[in-house]
Structure formats: C-alpha cells, structure tokens
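Read the structure below first, then the notes.
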2 protein chains.
Amino acid sequence: MTVSKGELDRRLSEFRHRLSQAGIKVTHQRLEIFRELAQSAEHPDAETIFEAVRRRVPTISLDTVYRTLWLFVDLGVLHTLGPPRDRMRFDANVAPHHHFVCVQCGATHDFFCEECDAFRVPDEVRAMGSVHIKQMEVRGVCVKCQKASSKKIRASRKKEET
Amino acid sequence: MTVSKGELDRRLSEFRHRLSQAGIKVTHQRLEIFRELAQSAEHPDAETIFEAVRRRVPTISLDTVYRTLWLFVDLGVLHTLGPPRDRMRFDANVAPHHHFVCVQCGATHDFFCEECDAFRVPDEVRAMGSVHIKQMEVRGVCVKCQKASSKKIRASRKKEET
DNA sequence: CCTTTGATAAGAATAATTCTTATTTAAGAA
DNA sequence: TTCTTAAATAAGAATTATTCTTATCAAAGG
C-alpha cells in the first residue's frame with residue numbers, strides 16, 4: 001500500500017516546518033528517511049528503512065537511521081508500535097482485557113472495558129488474516145514517569161539559576 | 001496489582017492440565033515461571049521474571065526463562081505485547097488509525113474505524129497517566145503467513161507418506 | 001527404582017541497537 | 001557567494017537482549 005502524492009507532499013512540508021521550528025537541521029538523510037516512512041503505509045523496522053534509503057543515499061549508515069528515527073519520535077512526527085525501546089514483554093492474562101502502555105518506561109497496566117470487548121472486527125480487517133484477539137491500546141506517559149520527569153525539570157531549572 | 005489466590009489456583013491447574021495434554025513435562029522451573037507471571041497483573045520482561053524466580057530457584061538460567069516463555073506462548077497460555085519476536089517498528093501516520101498485527105511475522109496493517117476513534121478513555125484509565133493516543137489492536141495471523149504455514153504442513157505430510 | 005527422552009545450566013554465539021570519535025555539512029553571518 | 005561554527009554524519013567498536021550448543025540432569029512411565 002502506498003500513500004498518494006498529495007498526501008506525501010503534505011506530510012513532507014509539515015515535516016520541514018516542524019524541524020525548522022525546533023531549530024533542527026533539515027539534512028538530506030533526514031528528508032530521505034522521513035520520505036521513506038511517509039510514503040509507506042506499512043510499518044518497517046530500522047533495517048528495512050536503511051536498505052531502502054541506501055538505494056538513494058548510498059553512504060548512509062544504519063546508526064544514522066536509528067538516531068534519526070528516535071529523533072522523529074521525540075519530535076512527534078513518528079510513533080513506534082508496541083511497548084517502547086526495550087525488550088519483549090509477556091502477559092499471562094489470556095482473558096479479554098485492554099492495556100495502558102507507558103511510552104517512556106514500557107510499563108503496561110490492564111484495564112477492563114465492555115465497550116471495547118463488544119467491538120466487532122470489520123470484514124475489511126478480517127480479510128487481512130485470522131483474528132486471534134483484539135484489544136484497545138491506550139498509549140501515554142504513566143504517573144511514575146510524569147513524576148520522574150517533572151523532578152528532572154525542576155532540577156535542571158535549579159542548575160540554570162546558579 | 002496482584003491476582004487473587006483463587007484466580008491464581010485456577011490458572012495453575014489449567015496450566016498443569018494443558019502441559020499434560022500436550023505431552024510436555026511439568027518441571028519445577030516451568031511451574032515457577034508460570035506462577036510468577038500468573039500472580040502478577042503487570043507485564044514483566046524475561047529478565048525481570050528471571051530475577052524473581054531466581055529467589056525461589058537459585059540455579060535457574062536466563063536461557064531457561066526465555067525458552068519456557070516462548071514454549072508457553074506456543075501453547076497459548078501466554079501472550080506477548082506488541083509486534084512479535086523481532087525488532088522495533090515505526091509508523092509515520094500520526095492521524096488516528098488502528099492496527100492489524102501479525103503475531104508470526106510482525107507485519108502490521110492500518111485500518112480506519114470510526115467506532116474505535118469514538119472510544120472515550122475511562123477515568124479509571126486516565127488515572128494511570130496522560131493519554132497520548134488510543135488505538136484498537138487486532139492480533140492474528142496474516143494471509144501471507146497462513147499460506148506459508150499451510151504449504152509447510154502440506155510438505156511435511158508428503159514427507160511422512162514416504 | 002530403572003530407563004529413556006526431553007529439559008536444564010553454562011557459557012559461547014548472534015543480532016539489534018547504541019556509543020565514540022574523527023570528519024563533514026547545513027544554515028546563518030559577512 | 002564564501003566563511004564560520006555548531007550540529008550531524010559515517011565507521012566501526014561496544015553493549016545488550018536473545019538464542020544456540022553441548023554436556024548433565026530429572027520427569028514420567030514401566
């Protein structure tokens with residue numbers, strides 16, 4: 001599946017705008033990495049993006065791809081799928097339930113929700129494959145990480161005052 | 001958050017039953033690894049499980065924990081969170097949308113769904129942290145992997161016939 | 001209480017991701 | 001346009017999660 005020309009252009013100009021606003025250089029590598037992701041409706045991993053971009057920018061390094069992807073995530077122009085930045089997580093609760101996932105530390109909390117349980121998977125989605133389970137995933141920053149980062153901010157403010 | 005004694009016992013007896021049915025040995029290590037996961041409503045990674053079980057089974061190895069967890073996943077007594085078994089995946093579509101995730105190859109397809117978009121996150125969940133996005137995650141086996149595995153089965157049948 | 005086959009421990013190997021450092025380049029100033 | 005400089009990149013080393021290899025060990029049935 002590919003994104004339309006118009007949609008791609010919109011995403012690219014939005015992208016340039018965001019980088020400038022944040023005072024971040026618009027490099028050839030960054031543009032091509034973003035273009036590669038923005039023109040695809042799939043969800044490639046870093047290696048796949050690296051291989052694709054390398055065809056156009058032969059000297060690019062895998063490290064740049066990783067660094068750039070995480071930069072984009074921090075800027076909010078990308079998301080990651082599933083729990084973040086670390087290792088596989090396991091869940092012994094095979095009954096229907098739903099998840100709040102912290103995008104910073106990966107902590108995941110169950111919740112129950114009849115409205116979500118009642119969701120009937122559309123035929124369009126059934127055509128993608130056999131359905132095992134369906135669950136609502138709420139992504140955000142958990143209370144613990146919020147506290148931790150507000151502490152950090154306060155600490156760095158104090159530092160700047162001196 | 002901890003699971004009640006009754007619920008834990010139910011899960012453990014269900015668990016023993018499943019292993020026996022599948023002709024798989026009920027070892028001390030497997031019981032303790034399962035108990036550790038089943039008594040927790042969190043979603044620990046392998047390392048965390050390893051550290052916890054080690055207090056009770058000091059000679060256990062990290063490798064056994066991994067091997068056992070994947071065995072459990074194959075048996076269906078556990079799930080994993082997010083895309084499976086491999087690397088981080090990225091998504092340049094920050095507009096509201098939802099995912100079909102293949103638990104075998106990790107391929108992830110977008111879909112759109114007004115019913116899911118309309119879901120209002122309950123206060124109980126808001127109390128867990130700040131909410132960035134919410135999305136329905138449908139997990140299953142994609143058409144490609146279904147075809148691949150049916151091919152495999154046919155091939156192994158042919159082999160057995162000889 | 002044997003036997004056998006599958007399970008485990010230990011450490012080596014692999015593979016994804018990140019770090020270090022020397023070089024290059026974007027972007028604003030002249 | 002050219003110069004300046006902080007920021008970005010490439011290359012390869014380092015790190016870390018996960019898996020593999022192989023020599024012991026133990027569950028389950030007889």
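Chain letters run A, B, ... following the sequence lines, proteins first, then strands; residues in each count from 1.
- End-to-end axis angle of the helix from C:dC1-D:dG30 to C:dA30-D:dT1, from C1' rotation axes over five pairs per end: 40° (rounded to 10 degrees).
- Note that CG of B:L75 is 6.0 Å distant from CG of B:L19, once rounded to the nearest 0.5 Å.
- Residues A:F50 and A:Y66 place their aromatic rings such that the two centres sit no closer than 6.0 Å.
- A sub-4.0 Å separation between OP1 or OP2 of C:dT17 and a side-chain N or O of A:W70 is absent.
- Rounded to whole Å, atom C1' of C:dA15 lies 15 Å from atom CZ of A:F50.
- Distance A:L62 CG to C:dT18 P: 10 Å, rounded to the nearest Å.
- Contacts classified as side-chain hydrogen bond (donor to acceptor under 3.5 Å, both in side chains) and involving residues 22-31 of chain A (residues at least two apart or in different chains) are not found.
- Clustering of Ile, Leu, Val, Met, Phe, Trp and Tyr by side-chain heavy atoms under 4.5 Å joins B:F111 with A:F100, A:F111, A:F119, A:V121, A:V125, A:M128, A:V131, A:M136, A:V138, B:F100, B:F119, B:V121, B:V125, B:M128, B:V131, B:M136, B:V138.
- Contacts of A:E115 classified as side chain to side chain donor-acceptor pair (under 3.5 Å), with partners at least two apart in sequence or in another chain: none.
- Between the P atom of C:dT25 and the CG atom of A:L19 lies a distance of 19 Å, rounded to the nearest Å.
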For nucleotides 7-14 of chain C, list the nitrogen or oxygen atoms of the protein found under 3.5 Å from its nitrogen or oxygen atoms, one pair per line.
| from | atom 1 | to | atom 2 | distance (Å) |
| --- | --- | --- | --- | --- |
| C:dA7 | OP1 | B:R30 | NH1 | 3.1 |
| C:dA7 | OP1 | B:R30 | NH2 | 3.2 |
| C:dT8 | OP1 | B:T27 | OG1 | 2.8 |
| C:dT8 | OP2 | B:R67 | NH1 | 3.0 |
| C:dT8 | O3' | B:Q29 | NE2 | 2.9 |
| C:dA9 | OP1 | B:Q29 | NE2 | 3.3 |
| C:dA9 | OP1 | B:T59 | O | 3.1 |
| C:dA9 | OP2 | B:S61 | N | 3.2 |
| C:dA9 | OP2 | B:S61 | OG | 3.4 |
| C:dA9 | OP2 | B:T64 | OG1 | 2.5 |
| C:dA10 | N6 | B:D63 | OD2 | 3.4 |

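- Shown here for B:I33 and B:V53, the closest heavy-atom pair between the two residues is CA-CG2, 4.0 Å.
- For B:R56, the side chain to side chain donor-acceptor pair (under 3.5 Å) criterion is met by B:E32, B:E36, not counting sequence neighbours.
- Rounded to a whole Å, the CG atom of B:L69 is 13 Å from the C1' atom of D:dT19.
- The nearest whole Å value for the distance from the CD1 atom in A:I49 to the P atom in C:dT17 is 10 Å.
- When only modelled atom types and interatomic distance are considered, A:D117 and A:H97 share no side-chain donor-acceptor pair under 3.5 Å.
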